[in-house]
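Following: one structure in structure tokens, then a few remarks.
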Amino acid sequence: MATTNTSQPKLSKDFLWGFATASFQIEGSTDVGGRGKSIWDDFSRTPGKTMDGRNGDVATDSFNLWREDLDLLVSYGVKSYRFSLSWSRIIPLGGRDDPVSEEGIKFYNDLIDALLERGITPFVTLYHWDLPQALHDRYLGWLNKDEIVADYVHYSRVCFERFGDRVKHWLTMNEPWCISVLGYGRGVFAPGRSSDRMRSSEGDSSTEPWIAGHSVILSHAYAVKAYREEFKAKQGGQIGITLNGDWAMPYDDSPENIAAAQHALDVAIGWFADPIYLGNYPPYMKQMLGDRLPTFTEEELKVVKASSDFYGMNTYTTNLCKAGGEDEFQGRTEYTFTRPDGTQLGPQAHCAWLQDYPEGFRELLNYLYNRYHMPIYVTENGFAVKDEHSMSLEQALKDEPRVQYYRGVTQGLIDAVQKDGVDVRAYFAWSLLDNFEWADGYVTRFGVTYVDYDTQKRYPKDSAKFVSKWFQEHVEGNEVAPTVTEEVPSASASAKPVTGKRASTTQANGASKRQSVNKGAANGKTVPKKTWKSPIARVTTYISTFLGL
Ligand code: PNW
């Protein structure tokens, strides 16, 4: 592992870093606490929809084990935790006239309070793909613009009202491209609609993804309008959207392949980013889709333009782009990882769509900053080690390809900030835990923490240590952060899990150095006083036990 280089310029002390998760991927307990069904409940239970035939009924059981997840976050010394709210836990039937579940509200209130007690900033996604099933049944969800915009804005308002006194970082939507294309085009994600009749008896891939995407943009924009007009002055938070998008490189320097790379970016990113940051769909999309691309009214455009306080960036890989093919979701380009000379772009992940090419991460940061001129929050980035699911625990914990991936992107991050002048303000690694990886079931593992699904025990991988250590070393004033003690989960050969006992001890000792912003807590709740431990003692313990130096 690299040694500390204290002379190196650092990221600013306000830089937020941590790990990310999403409700359906970790919570389980789908029929507990009054939760209504989401579109992923039955979809993931349908034979053939997930790679291993497994569903989200238990996932990492974080509805019950969330305190242990927080212990992990504390032991990793994070500043922030990105998680998502399950809409159907909060409003079981989803709609604007449907009742709110106080049990659902309480679950997230407890989580938010517990994060703040530990000095960890909650970074909250309102929608990470788990649409209430009732809204799909009622009016086909994202395909019905007027209904879904009204229901989504209502749901967002409930969240701002109930959590916004303590949550100051909001993401409206996670990855509209995935919602639209994978859910309504390719049909591989819920609700699974597609023109491919082998896959779905309903759907039209030539129109529905563009309609769904349009509704997602408008729902986001009207929720932001509500936040800015009704809550921001009082609550003082930030709100934005997060978009997936991988760097696109021309396959070679032929003019058509150079153009192809831009077309790929126009559809992967510009589809959503151009209206939101620049005020309209990319011209290439209009050219490609003609009147299949919905249009905004003048009034809508005013709401959409400038509707995000930052650029939320989820990115995983880089694609080499060749002109041609019929795939509109890739801008009629073909993607490959094989260079003209036959070499691979980088190490292959477990999933076919991901290779490790850190140069692309830095390029993408530059591209986005130059095109959209917004501060960038990296809200997801990570790697799934090939065949990790079939390794022994000890092998899986030594996740060198994932460490290598994070080594590359963190270097790209600091170079983009310090050498290129890109304004990056946050970084969240995906994911805190191995979890339900959608259509891949539990086969593909993205966690920095290994989850044994038979016991639900959590085991930190080497990558957790790498990421934590890197940010300790590279964020100003963060040197003292991890409250890691002898109790810290060990990723050593003994491969000790985080157990309930271990967890509660860590929790008792685990107050962080950072000031809670939760002084005096809202809703009449009292927040326990933080206990303080000598920073020097903490650093010493951290370095010696956690990093094994
Ligand atoms: C993101 N692709 O999804 C999601 O936000 C996470 O929930 C997910 O677990 C993570 O990335 C890892 O997959 C993606 O096909 C799903 O390019 C698919 C793609 C990209 C991102």
Side-chain angles (χ1 to χ4, degrees), residues 22-25 38-46 48-52 55-56 84 87 125 127-131 133 135-136 140-143 148 173-217 219-220 241-246 248 264 267-273 285 289 292 312 314-317 319 325-333 335 349-354 379-380 382 384 430-431 435-444 446:
S23 47
F24 193 78
Q25 295 181 271
S38 85
I39 52 172
W40 270 94
D41 291 32
D42 287 346
F43 183 82
S44 68
R45 290 178 193 134
T46 308
K49 299 297 183 193
T50 63
M51 210 184 268
D52 52 4
N55 57 46
S84 82
W87 185 343
T125 315
Y127 185 74
H128 199 126
W129 306 354
D130 41 0
L131 185 77
Q133 179 71 44
L135 301 186
H136 182 79
L140 290 183
W142 297 111
L143 295 178
I148 195 72
M173 303 281 178
N174 181 72
E175 302 190 347
W177 184 97
C178 288
I179 298 170
S180 312
V181 169
L182 304 180
Y184 298 84
R186 303 210 201 286
V188 292
F189 282 8
R193 294 173 67 88
S194 172
S195 293
D196 179 352
R197 291 287 165 259
M198 300 287 282
R199 207 171 261 293
S200 171
S201 59
E202 289 173 22
D204 180 347
S205 306
S206 72
T207 54
E208 290 187 3
W210 318 112
I211 294 168
H214 199 70
S215 301
V216 170
I217 294 172
S219 299
H220 147 82
I241 192 165
T242 197
L243 308 178
N244 58 298
D246 296 322
V267 179
I269 294 173
W271 176 5
F272 303 97
M285 286 195 62
L289 298 173
R292 284 184 291 135
N314 286 1
T315 197
Y316 287 85
T317 194
N319 294 300
E326 290 305 307
D327 191 341
E328 293 179 336
F329 309 135
Q330 294 177 186
R332 291 201 183 125
T333 68
Y335 289 178
H350 193 76
C351 31
W353 54 270
L354 206 181
T379 46
E380 267 182 43
W430 183 272
S431 175
N435 58 42
F436 176 72
E437 179 51 29
W438 309 112
D440 284 16
Y442 297 89
V443 177
T444 302
F446 271 93

What's the shortest heavy-atom distance between [X] and [Y], and which atoms?
X	Y	result
T333	A264	OG1-CB, 4.0 Å
T444	C351	CG2-SG, 4.1 Å
I211	L143	CG2-O, 3.8 Å
G56	S44	N-OG, 3.4 Å
N174	I179	O-CD1, 3.6 Å
P209	W271	O-CZ2, 3.5 Å

Hey, what's the ring geometry for [X] with [Y], parallel, tilted or perpendicular (30° and 60° as the breaks)?
X	Y	result
F446	Y316	perpendicular
H128	W430	parallel
F436	W40	perpendicular
W87	W142	perpendicular
W210	F329	tilted

Donor on one side chain, acceptor on other, S23 and D130, under 3.5 Å: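 There is such a pair between these side chains.
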
Pair F24 and F43, ring centroids less than 6.0 Å apart: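 Distance test on ring centres: not under 6.0 Å, no.
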
State the [atom1]-[atom2] distance between [X] and [Y], to the nearest 0.5 angstrom.
X	Y	atom1	atom2	answer
M173	F272	CE	CZ	10.5 Å
D204	R193	CG	CZ	9.0 Å
I39	L131	CD1	CG	5.0 Å
T315	L243	OG1	CG	11.0 Å
E208	S194	CD	OG	9.0 Å
T46	N55	OG1	CG	9.5 Å

S195 backbone acceptor or donor facing S205 side chain under 3.5 Å: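 Such a contact is found between S205 side chain and S195 backbone.
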
Main-chain N/O of G312 paired to T242 side chain as donor or acceptor, under 3.5 Å: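 Yes, because the side chain of T242 sits within donor-acceptor range (under 3.5 Å) of the backbone of G312.
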
I'd like to check the salt bridge (charged side-chain N to carboxylate O under 4.0 Å, His left out) partners of [X]; sequence neighbours left out, ordered by chain and number.
X	result
R292	E328
D41	R35
D327	R186

Full working for side chain to side chain donor-acceptor pair (under 3.5 Å) between N314 and T379: CA-CA 5 Å; N314 286 1; T379 46; 2.5 Å; yes

Full working for side-chain contact (heavy atoms from CB on, under 4.5 Å) between M285 and V267: CA-CA 7 Å; M285 286 195 62; V267 179; 4.1 Å; yes

Candidate pair W438 and C178, rule side-chain contact (heavy atoms from CB on, under 4.5 Å), full reasoning: CA-CA 11 Å; W438 309 112; C178 288; over 6 Å; no

Residues Q25, W129; criterion side-chain contact (heavy atoms from CB on, under 4.5 Å); working and verdict: CA-CA 10 Å; Q25 295 181 271; W129 306 354; 5.9 Å; no

